[in-house]
Every structure is written in structure tokens, then in C-alpha cells.
Amino acid sequence: MSALRVAAESALQWKRQAVEGWNQFWFAPRLPHTLAAMRIAVGGMLLYTHIVLATDLLAFLGPDAWMDNQTIRDLHTGAVVPRNSDLGRSYLWHIENPTLLWAHHLFTLAVSAALLIGAGTRVVAPLAWGLQLMYVHRLTGALFGLDQVLTMLLMYLMLAPCGAVYSVDAMVRRRFAGQLQAGWRQWLFPAPVRSSACTIATRLGQLHLCVIYLFGGLWKARGETWWDGSALWFSAANLEYQSADITWLVARYPTLCSAAAHATVLWETFYCALIWPRLTRPFVLMMAVCVHGGIALFLGMITFGSIMIIANAIFISPELTRRLFSRQAEASRDVSRLAPPQPRPLRSS
Amino acid sequence: MVKSQTPRWPLASHWSVSADADNSCCRLGDSPERHFCCARHVGDPKTDVKIEGLQSLCLDSHSQRGKLLEHHLLLLPAGSLAMSKRLESSPPRSAQVASSDVATPDATLPSVAWRWGLSVLIVWHVWAVLGEPVEFMTRLPFSMDGSPAGVAFNAPVRAYGEFTYLNHGYAFFAPDPGPSHLMEVRWAGADGSESKETYPDLAKQWPRLLYHRHFMLTEFLNNVHSAPVPLDLQQETGSEIAAWRASRRQYEAIRDSFRRHVAGRQDVSVDAVVIDRIEHRAPYVPEYLVDNVRLRDSQLYMVLPDTVEPELPPAPPVPPAPVGGTVWQDGPEVMPAGAPQLDLSAESSR
């Protein structure tokens, strides 16, 4: 009987701790500073992708695009191959008029810019995500990892008050402090306080990143070249990806390069475990910068490499981000204080 | 505050924090659950208000076991804060940072009902994040289906993942970095002259992201390629042959959309446009080092056939090795493992 009681108490204790751990992990309030810094980077990347798309907009979205509307519609709805149907839907499938497409794209550019500077973030963040979904479901075939990670980050940023700091919203809130302290105005211009929304957005992003790396590592483990170390060679020697020729290096130092291939697989596979302890986190993040920096510099995917580094920033504590940015702000204030005063222009009478 | 001897900071009417002389320990007194906290401050010791990032080791009266909690304990000067009574039923947490860019209202956990609702949504979403990669991981090469368990795991969240664009396999440069697939487009002008362009082309598509979009299109065309059903199978009516025909129709639809785009750009008839798929493999290391084969060498490019290759006659049987050891024969050099197979780095890698 006493053994049963001990077991029951132990189970209760386990349950209490599990609930406490769950609450702590998902809901313990968190500052928005890291997410706000990421908003700037993600907004910048989103704006850039749409600017690049604008350089040949109708070739990708127009009535005579590479993949025209009918082909895209049939692909997603399974009109030709029923088993390929999915729920990817986009109203852009139904827009053929070039003027309307341009107007829509200009609106998207404005939303992306607003996200970058944090103007009306509570509205533009979900709007940017929704527009991004419409674009990715229209651009099937022309997408790659950049679009996957960008859409993912937009989704999580919109869950949090990522415009509470480092934003136009924050400037407006400070300027009109007395008038924005209640109701929808307070929601629209949130104060940079700890909130569970920041924690949920951060945790979802962190877990998603762990999933990406875990399956990236497992897939590499299914190949052969990641085991014999030649994967780095076949990546570097791919002319279409290459942005800087390092084949001379990779071919002549097989030990070094195969070690790098093995390290990549190990790092990706165990990222999901090693990123959480504070002891190993800096090394895992440093490796992320090296791997994705290498992809950005040598494999011609500067956008993909950059967005992965930005995504990894989600593991940086908001307190650290706040300190880094406030020190920079202080430093710039000091510099401006030390700068000699500008002579006043003479007024002509 | 920090340097004082055994300071006490009243937090609420019946709450107080006491700390020992070196501030390595503090205690929340008069608590029903008697939290005893060892705290380490990482803030500026000269400033009262910048104490943050505390780790607290709490002992609660129920378990009498230590628990390391990484939340932030609130320590502010006397009278500066009214701590929520919620603290009575939960461990101390939530440091409020008094700073120019951080406001200081009390932050609390959502209510239990909210937490339940949010937890259900969180579990659903994380399931969706995992669903497609799990199913995709259980597929064999060149197979469309994952394992029954993988398919069953993904089935409930598939639609959500598809709409929110979570349905990816994340097989970047995996399982092996493969060859590139390009597209050679040829068209006949009105005067009968023939022109051609190769996609992607760094010289014509700039910036790099625009080039990469075109590159992904040519990879996509190759990934969806399906040869026509061979003549000797044309009369078959089985489901596999029907699926084959449908795949071919889809490939032709996408290829013809590409042809219409080129025809529109070049102002020629669609019938005058021909698209060939080109595979560009990387040289093997011995080819590169010994034979001096460079990345643009013409022998590395191959026009991919549109039809199914005719079956080769079976190879003659290998004679048994003579007793007493292996006979080394002249033959092709054995290349390192990892000949390019599948390029799953593109969007189609889902």
C-alpha cells in the first residue's frame, strides 16, 4: 500500500514538474528584442526578394510566365495527376492583367518595407506572411531553401510583438506615450515588455530550425559522398552553384575537406540536441555561421546562406540582443557627442 | 543595494527577500511554499535597478528537492514594485528590466484556459512541422510513397502543412550533391535561322537571385520529367500505366508552358521552340587532377533523352576467378563513390 502511495506521489510529482516545465518552456514571458532585430533582417530579405522578382515580374507571374496560371493551377489542384494535388492555393493564379499584377507587387513591396522599418508591424507582419504564401504558391518550380526559411520566419515573427522595439512603432509610442496606453492603440503600438507571445514565437522558430537541421543531417547520412567525404568536392565543383572557385583547394586537401563534410553531417544531425545547453550553444552557432557563410560565399546562394544565419539568431537571448544594441546606440551617441559641431549656415537676409 | 549587509526588499505586503552578505543567496520569506533561492546577479553591481539574469535554486516544501530554474528573479529597490500574488503559487520569475527601452509592467503567464488552448495549437503546429519531413524521410529513392507509418503520421496535418508551406523534406545537398540540370532552348526564326539559349545564364540573369530562380526552373523541369509510355506498353490499361501517362502529360504541360514563354519573348510560333534538358556533372577528383578536366569541359555535358532508353543486352557472365588469388585485369578506373544521383537541393526536394 505504501509502495502504491509512493508511486502515486511520484507520478504526481512527475506530472507537476512536466506541467511546470511545459509552462516554463512555452509561456514564461520573454523580451521581444531578438525577434525585433530578426524582423529587420527578415524584412530586408523579403524586400530584396520582391525587388529582384520585380526585375522580371511578368516572366514569373504574368499571363505568359514560365509557368503560366493554368499550368500552376492544374499542378496544385491535381487536374493532370490527381495524386499530386495539394492545398497550396493562391489568388495570383487568377490575375492575368499586368497592370493589376504590378499594382499588387508594389503593394507587396510597400508591406515588406514597412516590416523592415517596423511601421504598423502588428498589421504588416501577418500581411507580409499572407502575401508571401500567395507568392510561393504561385512561384512553384522557381523556389528553393530561401523561400522555405523566409516564409517560416515570417510566420513566427507575426505571432510576436516584433515591432515593439527598433521600429517606427516604438518611435511613435514614445512620441505619443500618453495617448497609446489602452485598448487597440496599446495593442497596435506594444511596449517592449516580456510576453508569452514572444516566447511562443521564439520556441516555435527554435524547434522548427532543429527539425530542419535534423532531417538535413539524416538525409545526408543516407548518401554516400557525405561518408567518403567527397560531398564537399561535388558541391564546390558544381559550376552552376559556384560563386567562387575553390576546387583547387578542395581537390588538393582531401583530408581537410572530408573532415569538413563529416563535421557538417554531425553538426546538422546533433544540432537539435547541442543547441540547447549553454555550454555548447556558442560552438553550434559558430558552426552555423561557418557553414552558411561558406554556402553564401562559395556556393552562389548568398541569400540562402544569409537567411539561415538570420534564422539561427533566434537562439540569441533577447537580453544579449538588447545589451548589444543599447551599447551600439550609446557608442554612436558618444561619437556624435565627440564630433565637432557643424557650422551653422549663414542666412541670407 | 547589492553591497549592503543582509539587505531586505519588501515585494508585497507579506513578501520579502533577504540576501546574505555576499549576495550569493537570497530568500523569499513568509511564503506558503517557502521558496529558498540561491541567486547570482549578473547585472551592474553599482546600479540598483540593473540586476537581472538570475538563476535561482528553489526548494519547495512539497518535494524538498532542489530545482534549477532559469527564469529571472525580480529584485528591485524597496517599494518600487508590487509583486503579483501569482508568485504565491508559482516559482519566482520574470525579471523586469528597468531601462530606457523596456517598460516595466508585470508580466504573467496566460490564464490556464489560454494555456490549454495555446498548447493544443502548439502541438498541432509542431506536428505539422514534423509531418512532411518524417513522411519524406521514409520514402525509398524514386518512390512516391513513404512508409505506412510515415504516411499515417503526416495525414492529419498534411493539408495544413501544404497551405502554410511547411511541407518540405529539408534534404539540402542530400543525399548526395548531384549534377546540375540546364535547359537548352532552340527556336527557328521567321527567316528560317536557328537561335538557341541556355538557362540559367549568369551573364543574362542578374542579380544572382534571379539567376537562381531560373536555375530552379530548369531543375524543376528535369525533376518532373517522365518519358513517354513505350510503344509496347501502349495497349496496357493498368493503374501504373495510367499513372505513367498522367505524369507524362504533366511534364508536357510544364514543358509547353516554358515553350509558350520563350515563343512570346522571341515572337515566334510555339511550334518553332524546342527544349532540351542538359545534365552537367562535376568531374571526379582524379579527372580534375590527373586528366585536367575542368568544370566547363564539354565531356561533362550530356543531352538527356526524352524517351526510355532501349534495354541493353545482358552483359556476358564474368568468368570465375582462378584458384589461388585475384587476377588484376585492365579496365576502367574505379572512381570514388558518390557519383551524382539526385539533386534534392531545390524546391522540389520536399
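The analysis underlying the following values was restricted to heavy atoms, covering all of them including side chains, and did not include hydrogens, waters or symmetry mates. The chains referred to below are lettered A, B, ... by the order of the sequence lines, with proteins before strands, and numbering in each begins at 1.
A ring-ring contact (aromatic ring centres under 6.0 Å, His included) with B:Phe172 is found for one member of A:Tyr241, A:Trp219, A:Phe304 and no other, namely A:Phe304. None of A:Asp68, A:Asn69, A:Asp74 except one satisfies the side chain to side chain donor-acceptor pair (under 3.5 Å) rule with A:Thr71; the exception is A:Asp68.
In this structure, the side chain of A:Trp276 engages the main chain of A:Cys272 through a donor-acceptor pair within 3.5 Å. No side-chain donor-acceptor contact under 3.5 Å links B:Thr218 to the backbone of B:Leu182. Remark: side-chain polar atoms of A:Tyr253 are not paired, donor with acceptor, to backbone N or O of A:Trp248 under 3.5 angstrom. Counting only distance, with no hydrogens or angles, the side chain of B:Asp176 and the backbone of A:Thr225 share a donor-acceptor pair below 3.5 Å. Judged by distance alone, the side chain of A:Arg222 and the main-chain N or O of B:Pro175 form no donor-acceptor pair under 3.5 Å. No donor-acceptor distance shorter than 3.5 angstrom exists from the side chain of A:Ser85 to the backbone of A:His76, with no hydrogens or angles considered. Proximity of a side-chain donor or acceptor of A:Glu240 to a complementary backbone N or O of B:Ser180 within less than 3.5 Å is not detected. Proximity of a side-chain donor or acceptor of A:Glu268 to a complementary backbone N or O of A:Gly217 within less than 3.5 Å is detected.
A:Leu133 touches chain B through its side chain: at least one heavy atom from C-beta onward sits under 4.5 Å away, while N, CA, C and O do not. At a 4.5 Å heavy-atom cutoff, the contact between B:Thr164 and chain A is made by backbone and side-chain atoms alike. For A:Ser196, the part sitting under 4.5 Å from any heavy atom of chain B is the side chain, from C-beta outward, and nothing else. Looking at B:Val262, only its side chain comes within 4.5 Å of chain A, counting heavy atoms on both sides. Neither the backbone nor the side chain of B:Leu221 comes within less than 4.5 Å of any heavy atom in chain A. Within the 4.5 angstrom heavy-atom criterion, atoms from both the backbone and the side chain of A:Gln242 approach chain B. At a 4.5 Å heavy-atom cutoff, the contact between A:Ala65 and chain B is made by backbone atoms alone. Interface remark: A:Trp233 contributes side-chain atoms only to the contact with chain B (heavy atom separation under 4.5 Å). Residue contact with chain A, scored on non-hydrogen atoms closer than 4.5 Å, involves the side chain of B:Leu289 exclusively. Contact of B:Tyr199 with chain A is made through the side chain alone, with heavy-atom distances under 4.5 Å. There is no contact between A:Met152 and chain B, counting heavy-atom distances below 4.5 Å. Interface remark: B:Arg260 contributes side-chain atoms only to the contact with chain A (heavy atom separation under 4.5 Å). Using a 4.5 Å cut-off between heavy atoms, B:Val129 contacts chain A through both its backbone and its side chain. With a 4.5 angstrom heavy-atom cutoff, A:Ile200 touches chain B only via side-chain atoms. Heavy atoms closer than 4.5 Å to chain B are found in both the backbone and the side chain of A:Trp226. B:Arg265 touches chain A through its side chain: at least one heavy atom from C-beta onward sits under 4.5 Å away, while N, CA, C and O do not. Neither the backbone nor the side chain of A:Arg30 comes within contact range of chain B; no heavy atoms are under 4.5 Å apart. Contacts of A:Ile72 with chain B are absent, with no heavy-atom separation under 4.5 Å from either backbone or side chain. Only the side chain of B:Leu166 has a heavy atom closer than 4.5 Å to any heavy atom of chain A. Interface remark: A:His137 contributes side-chain atoms only to the contact with chain B (heavy atom separation under 4.5 Å). If you measure heavy-atom distances from A:Ser90 to chain B, you find no contacts under 4.5 Å at all. Looking at A:Ala59, both its backbone and its side chain come within 4.5 Å of chain B, counting heavy atoms on both sides. Heavy atoms of A:Tyr213 lying under 4.5 Å from chain B are absent altogether.
Heavy-atom pairs under 4.5 Å with chain A were tallied for B:Gln250, B:Arg208, B:His280; the largest tally goes to B:Arg208. Put simply, of A:Arg252, A:Gln70, A:Arg83, A:Glu9, the one with the most heavy-atom pairs under 4.5 Å next to chain B is A:Arg83. Interface summary for chain B: among A:Leu218, A:Thr303, A:Ile302, the most heavy-atom pairs under 4.5 angstrom belong to A:Leu218. Note: A:Thr247 leads A:Thr247, A:Thr55, A:Leu204, A:Leu207 in heavy-atom pairs under 4.5 Å with chain B. The choice from A:Val81, A:Thr49, A:Asp245 that makes the most heavy-atom pairs within less than 4.5 Å of chain B is A:Val81. Most heavy-atom pairs under 4.5 Å with chain B: of the set A:Val250, A:Leu239, A:Asn84, this distinction falls to A:Leu239. Listed options B:Ser247, B:Gly264, B:Ala253, B:Ala159 were ranked by heavy-atom pairs under 4.5 angstrom with chain A; first place goes to B:Ala159. Among A:Leu299, A:Val136, A:Asp64, the residue making the largest number of heavy-atom pairs under 4.5 Å with chain B is A:Val136.
Atom CH2 of B:Trp206 sits in a sparse spot, with 12 or fewer heavy atoms from other residues, nucleotides or ligands closer than 6.0 Å. More than 12 heavy atoms of other shown residues, nucleotides or ligands fall within 6.0 angstrom of atom CH2 in B:Trp244.
Taking the six-membered ring for Trp and the full ring otherwise, the centers of A:Phe234 and B:Tyr284 sit less than 6.0 Å from each other. The six-membered or imidazole ring of B:His261 lies away from that of B:Phe258, with a centre-to-centre distance of 6.0 Å or more. Checked against the 6.0 Å centroid criterion, the rings of B:His214 and B:Phe220 do not qualify as a close aromatic pair.
Taking the ring centre of B:Tyr288 as origin, the terminal cationic atom of B:Arg294 falls inside the region bounded by 6.0 Å and 45° from the ring axis. Seen from the ring of A:Phe25, A:Arg203 counts as a face-on cation partner, given the 6.0 Å and 45° thresholds.
In this structure, A:His33 and A:Tyr166 have perpendicular ring planes: the angle between them is above 60°, well past the 30° mark.
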